[in-house]
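Data block below; observations after.
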2 protein chains.
Amino acid sequence: MVAGPTSAGPGKDRLRLWIRLLRASRTIEAELRERLKKEFDTTLPRFDVMAALYRSPEGMLMSDLSRFLLVSNGNVTGIVDRLVSEGLVTRARRNGDRRTSMVRLTEEGSKSFAAIAAAHENWVGELLGNVSEDEARRLTGMLKSFRSNWEGRE
Amino acid sequence: MVAGPTSAGPGKDRLRLWIRLLRASRTIEAELRERLKKEFDTTLPRFDVMAALYRSPEGMLMSDLSRFLLVSNGNVTGIVDRLVSEGLVTRARRNGDRRTSMVRLTEEGSKSFAAIAAAHENWVGELLGNVSEDEARRLTGMLKSFRSNWEGRE
DNA sequence: TTATAAAACTTTAAGCTTGAAATAATTCCG
DNA sequence: CGGAATTATTTCAAGCTTAAAGTTTTATAA
């Protein structure tokens, strides 16, 4: 998925774009993962879950989390398990529907996330340093538009 | 890593860009992974390795592969192990340096990859369908330039 | 030489990831 | 009501991924 087109021809430009996109995100992701590990002894998936929960103080269901994060249900189960065991997150059984449980950041989790998120934003600013703010906005717009076409079509 | 900035302010545009980038590549990647599984009973990492080898008929060292694919050494070991056991790839011990082995596609592997790659290219063309070829080239250029700044700096 | 370092690779432990199967609770309807 | 389908979640097996530690081979240099 990281190798280039094997020949020239029509349609190759989209393939090239995809390969660039993937290489860029993988490289940045690897750098962020490494820093999260070194500086905060945490992982990208844990950070993702905490980021989602930070935006929803009222809590999220497991299915909300997996839908929002674009990962499978079983995946979220394991990550939340570990966050719970670390005291960063709670699972609260609900009276209304006993199949579900509300997942929330603990106070400690919230404080912890705020600190990590600040560093994370600086890192991204650094890693994308030579994209001007203006260029960043334009790129964001282009990415937004090409996503909307086919995403979530089923 | 998929959640948005938690507030407005300077530097947020780069963070937004990063989140878009990540969501886009994850969504496309998930779709491609699923199709590779359904249509060809293979995986993205296997496809990546085969794509790299297809470009190098003379073969690649394990370390070449991991460097090119942006993954760890140990990772490539496992994937190549499985490809070898499937008869798609060979590991040839070299006389010159007995620490290394040349990894190559078998004839079967080469044929198999060509078929998968054709489908893969069509899928990417479809998934990025509403990016014009011209826009694709411009985006590719922007991604290329912002990568070169910091990648491989150490 | 011959120790020592460096290089190429594999192994290992822990965690992430998926899709499919299993559980449990709720909703739908006949 | 009561069986059937649906929904929310967990469990499971297989594979991917990394960092760190270990093995084997080659290069360096005292």
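We name chains A, B, ... by the order of the sequence lines, and we start the count at 1 in each one.
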Problem - Nearest-nucleotide 5' precedence on DNA chain C, A/Arg46 against B/Met62 - result: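 Per heavy-atom nearest nucleotide, the more 5' residue is B/Met62.
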Practice task
Hey, which sits more toward the 5' end of DNA chain C by its nearest nucleotide, A/Gly96 or A/Val76?
Solution key: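 On the 5' side of the pair lies A/Val76.
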Presence of [X] side-chain N/O under 4.0 Å of [N] phosphate oxygens OP1/OP2:
X        : N      : answer
B/Arg91  : C/dT10 : yes
B/Asn73  : C/dC9  : no
A/Thr100 : C/dA25 : no
B/Ser63  : C/dA7  : no
A/Arg98  : C/dT26 : yes

From the set [options], return the single nucleotide nearest to any side-chain atom of [X].
X       : options                : value
A/Asn75 : C/dT18, C/dC9, D/dT18  : C/dT18
A/Arg33 : C/dA25, D/dT18, D/dT10 : D/dT18
B/Ser72 : C/dC9, D/dT11, D/dT18  : D/dT18
A/Ile79 : D/dT10, C/dT17, D/dA19 : C/dT17

Practice task
By nearest nucleotide on DNA chain D, pick out whichever of A/Gly78 and A/Lys37 is the more 5' one.
Solution key: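 The residue closer to the strand's 5' end, by nearest nucleotide, is A/Gly78.
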Handout entry: Most 5' of B/Val71 and A/Arg93 on DNA chain D, judged by nearest nucleotide
Key =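 Its nearest nucleotide being more 5', the pick is A/Arg93.
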Exercise for the section: Please evaluate the base of D/dT7 for a donor-acceptor partner in the side chain of A/Arg99 within a cut-off of under 3.5 Å? Expected result: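 By the distance-only test, yes, there is a pair.
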Problem - A/Arg104 side chain to A/Leu53 backbone, donor-acceptor under 3.5 Å - result: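 Checking the backbone N and O of A/Leu53 against the side chain of A/Arg104, no donor-acceptor pair under 3.5 Å is found.
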Handout entry: Backbone N/O of B/Ala92 and side chain of B/Ser101: donor-acceptor pair under 3.5 Å
Key =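 Checked: no pair found.
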Interatomic distance, [X] [atom1] vs [N] [atom2] [rounded to whole Å]:
X       : N      : atom1 : atom2 : result
A/Leu69 : D/dT9  : CG    : P     : 14 Å
B/Phe47 : D/dG15 : CZ    : C1'   : 18 Å
A/Leu44 : D/dA19 : CG    : C1'   : 16 Å
A/Asp81 : C/dA14 : CG    : P     : 17 Å
A/Leu61 : C/dT26 : CG    : P     : 14 Å
B/Glu31 : C/dT18 : CD    : C1'   : 14 Å
A/Leu36 : D/dA19 : CG    : P     : 12 Å
B/Leu65 : C/dT10 : CG    : P     : 11 Å

Exercise for the section: Check step by step if side-chain contact (heavy atoms from CB on, under 4.5 Å) holds for B/Arg137 and A/Arg16. Expected result: CA-CA 8 Å; B/Arg137 274 189 293 275; A/Arg16 265 185 252 280; over 6 Å; no
Problem - B/Glu29/B/Arg33 salt bridge by N-O under 4.0 Å criterion - result: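 Not counted as a salt bridge, because no side-chain N and carboxylate O are separated by less than 4.0 Å.
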Handout entry: Where A/Asp13 and B/Thr140 come nearest, the two heavy atoms and their spacing
Key =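 That closest heavy-atom pairing would be O-OG1, 4.3 Å.
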Handout entry: Reference residue A/Arg14; test salt bridge (Lys or Arg N to Asp or Glu O under 4.0 Å); the match among B/Glu126, B/Glu121, B/Glu133
Key =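 With A/Arg14 as partner, salt bridge (Lys or Arg N to Asp or Glu O under 4.0 Å) holds for just one option, B/Glu133.
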